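Here is the structure we will look at.
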Number of protein chains: 2
Amino acid sequence: MKISTRGHYGVMAMLDLALHHGEGPIPLKSVAERQNLSEHYLEQLIAVLRKAGLVKSVRGAQGGYTLAREPHEIKIGEIIRVLEGPIAPVECVNEEDPECCLRADYCVTRNLWEKVKASIEEVLDNTTLEDLVREAEKARQAGGYMYYI
Amino acid sequence: MKISTRGHYGVMAMLDLALHHGEGPIPLKSVAERQNLSEHYLEQLIAVLRKAGLVKSVRGAQGGYTLAREPHEIKIGEIIRVLEGPIAPVECVNEEDPECCLRADYCVTRNLWEKVKASIEEVLDNTTLEDLVREAEKARQAGGYMYYI
DNA sequence: TTAAATTCCTACTAAATAAGTCAGAATTAG
DNA sequence: CTAATTCTGACTTATTTAGTAGGAATTTAA
C-alpha cells in the first residue's frame, strides 16, 4: 500500500514550484538541491509532468520550469495519477480498464476496494498545491524551518 | 498506489474461510479451487496468517484451516497489515519506524500522506469478515452467482 | 499398517518494477 | 562564444513480485 518515489518526489517538486510561483522559470537544479533529490531522476519525472501539461518549460540559460496553471487549480490527485497511473488499490477497480474484472457485479471484496479507492481520491482530489503552500507558510511563521518531503 | 496479490489473495482466502466458518477445517486446496488461485502460493500466504494468529491449522487427512476468531472479530486491516506490512503510503508516515522521518514536525506533504493513511485505515479497520459475509449473502439472494475477488 | 490427504518447510526462479546513472545533443541569455 | 539549461534515450543495479519445485511431517480412515 505504497506510492513510489515517483509520486512522492513529484509532489515535492510541484510544491517547490508552487512556493516559487510568479518568480519566473525555476531551474530544476535548484529544486533538486532544496528538496535533496537527484537532479537527473527529477528530470525524468518533470518530463512526464510537462507532457501531461502540468508544468511549462523554458529552455536555455535562465530557463527552468513553471506551473502551467495556478496552484489552486492543480490537485495533488492529478500529480499522482500522472506519475503513478490510476489510483486503484487492485486492478479490478481501475476504471480505465473496465474489462479487467468481468465478475464485477457479483464480487464482494471488489466493493471494499472501491471504498478504499474512493477514500484515497477524496483526500488527494480535495487538496491543491495552494493548500500545501498555505500550510507551508503557516509552518514557517510558527516554526522557522520549512521542509517538504 | 496498489496492494499486491498477497493482500488481495489473502483477503479472498480469509473470506472463503469465513463463508465456511463452523464447518470444521477447510483444506487449502478447496479454497484455492474456489478462488482460482495457486495452491502453493496460497500456502505461503496462509503460513503468514497462521503465525500471526489469524487462522488455525489442523494437520493430516481431513485437516485444513479455520479462522482463529469469529468473523466479526477479524478486521480486513489486520489481514492487510499481516501480509503487506504497515499501511503507509510513504515511509515517513510509518509509525512503526518513527525515526525514518526526522523532520516530521516541519514537513508539509507529510500531513497529506497522514491523511491518506488515515482514510485508508478508516475503511479497512471498520470492515470485518462478517461484513463481507453478509454482503456475499445479500448478493447470493439477489443474483445467484457469488464470486469474491 | 498402509495409503491418501493434508499441512509444513526450504529453496529456487523468472519477470517486472523501482530508482536511479550516464552521456551527450539542442537551445538560449548574456 | 560560453555557460546554463532543457531534452533524449539508453543503460544499470537492486528489490520486489508472484510464483514453482520438491519433499518431509502428520493424521485419518480403510
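Since the model is a prediction, treat every value here as computed from it, not as a measurement. Numbered from 1 within each chain, the chains take letters A, B, ... in sequence-line order. Every heavy atom of this structure was used, including side-chain atoms; hydrogens, water molecules and symmetry mates were not.
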Task: Residues forming a side-chain hydrogen bond (donor to acceptor under 3.5 Å, both in side chains) with B:S38, sequence neighbours excluded - done: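 B:S38 satisfies side-chain hydrogen bond (donor to acceptor under 3.5 Å, both in side chains) with no residue once adjacent residues are dropped.
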Task: side-chain hydrogen bond (donor to acceptor under 3.5 Å, both in side chains) partners of A:T5, counting only residues at least two apart - done: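 side-chain hydrogen bond (donor to acceptor under 3.5 Å, both in side chains) check on A:T5 returns A:Y41.
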Open item on the list: Rounding to an integer number of Å, can you tell me how far A:I46 CD1 sits from C:dG20 P?
Closed with: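 In whole Å, C:dG20 P and A:I46 CD1 are 16 Å from each other.
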Task: Whole angstrom value for the distance that separates P of C:dC8 from CG of B:L45 - done: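 Answer to the nearest Å: 14 Å.
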Open item on the list: List the residues meeting side-chain contact (heavy atoms from CB on, under 4.5 Å) with A:E70, not counting sequence neighbours, and say none if there are none.
Closed with: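 Scan of A:E70 (side-chain contact (heavy atoms from CB on, under 4.5 Å), adjacent residues dropped) gives A:H21, A:H72, A:E73.
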- [ ] List in chain and number order the residues that pass side-chain contact (heavy atoms from CB on, under 4.5 Å) with B:E39, two or more places apart in sequence or in another chain; answer none if no residue qualifies.
- [x]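 Applying side-chain contact (heavy atoms from CB on, under 4.5 Å) to B:E39 gives B:K29, B:A32, B:E43.
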TODO: State whether A:S38 places a side-chain N or O below 4.0 Å from either non-bridging phosphate oxygen (OP1 or OP2) of C:dT21.
DONE: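 Checking C:dT21 against A:S38, a side-chain N or O does come within under 4.0 Å of OP1 or OP2.
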Open item on the list: Can you list, in residue-number order, the parts of residues 59-69 of chain B that come under 4.0 Å of DNA chain C, counting heavy atoms only?
Closed with: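 When residues 59-69 of chain B is checked for heavy atoms under 4.0 Å from DNA chain C, the hits, listed by number, are B:R59, B:G60, B:A61, B:G63, B:G64, B:Y65.
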When you compare the side chain of [Y] with that of [X], does any pair of heavy atoms fall below 4.5 Å?
X	Y	answer
B:H20	B:L15	no
B:V123	A:W113	no
B:N111	A:E135	yes

Task: Partners passing salt bridge (charged side-chain N to carboxylate O under 4.0 Å, His left out) against B:E130 (at least two apart in sequence or in another chain) - done: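 Scan of B:E130 (salt bridge (charged side-chain N to carboxylate O under 4.0 Å, His left out), adjacent residues dropped) gives B:R134.
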- [ ] With sequence neighbours excluded, give me every side-chain hydrogen bond (donor to acceptor under 3.5 Å, both in side chains) pair touching residues 74-88 of chain B.
- [x]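 Residue pairs with at least one partner in residues 74-88 of chain B: B:S4-B:E84, B:R69-B:E78, B:R81-B:E121, B:R81-B:D125.
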Task: For chain A, the stretch of DNA chain D it reaches, first to last nucleotide, under 4.0 Å of its heavy atoms - done: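 Answer, 5' to 3': D:dA4 to D:dA10.
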Open item on the list: Please classify the nucleic acid contact of B:L28 as base, sugar-phosphate, or nothing, using heavy-atom distances under 4.0 Å.
Closed with: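 Since only primed, P, OP1 and OP2 atoms lie under 4.0 Å of B:L28, the category is sugar-phosphate.
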TODO: Would you mind building the protein contact string for nucleotides 9-19 of chain C? One character per nucleotide, 5' to 3', B for base within reach (heavy atoms under 4.0 Å), S for sugar-phosphate only, - for untouched.
DONE: B-B-------S
Donor-acceptor contacts, no H, no angles, side chain residues 50-67 of chain A, under 3.5 Å, sequence neighbours left out:
none

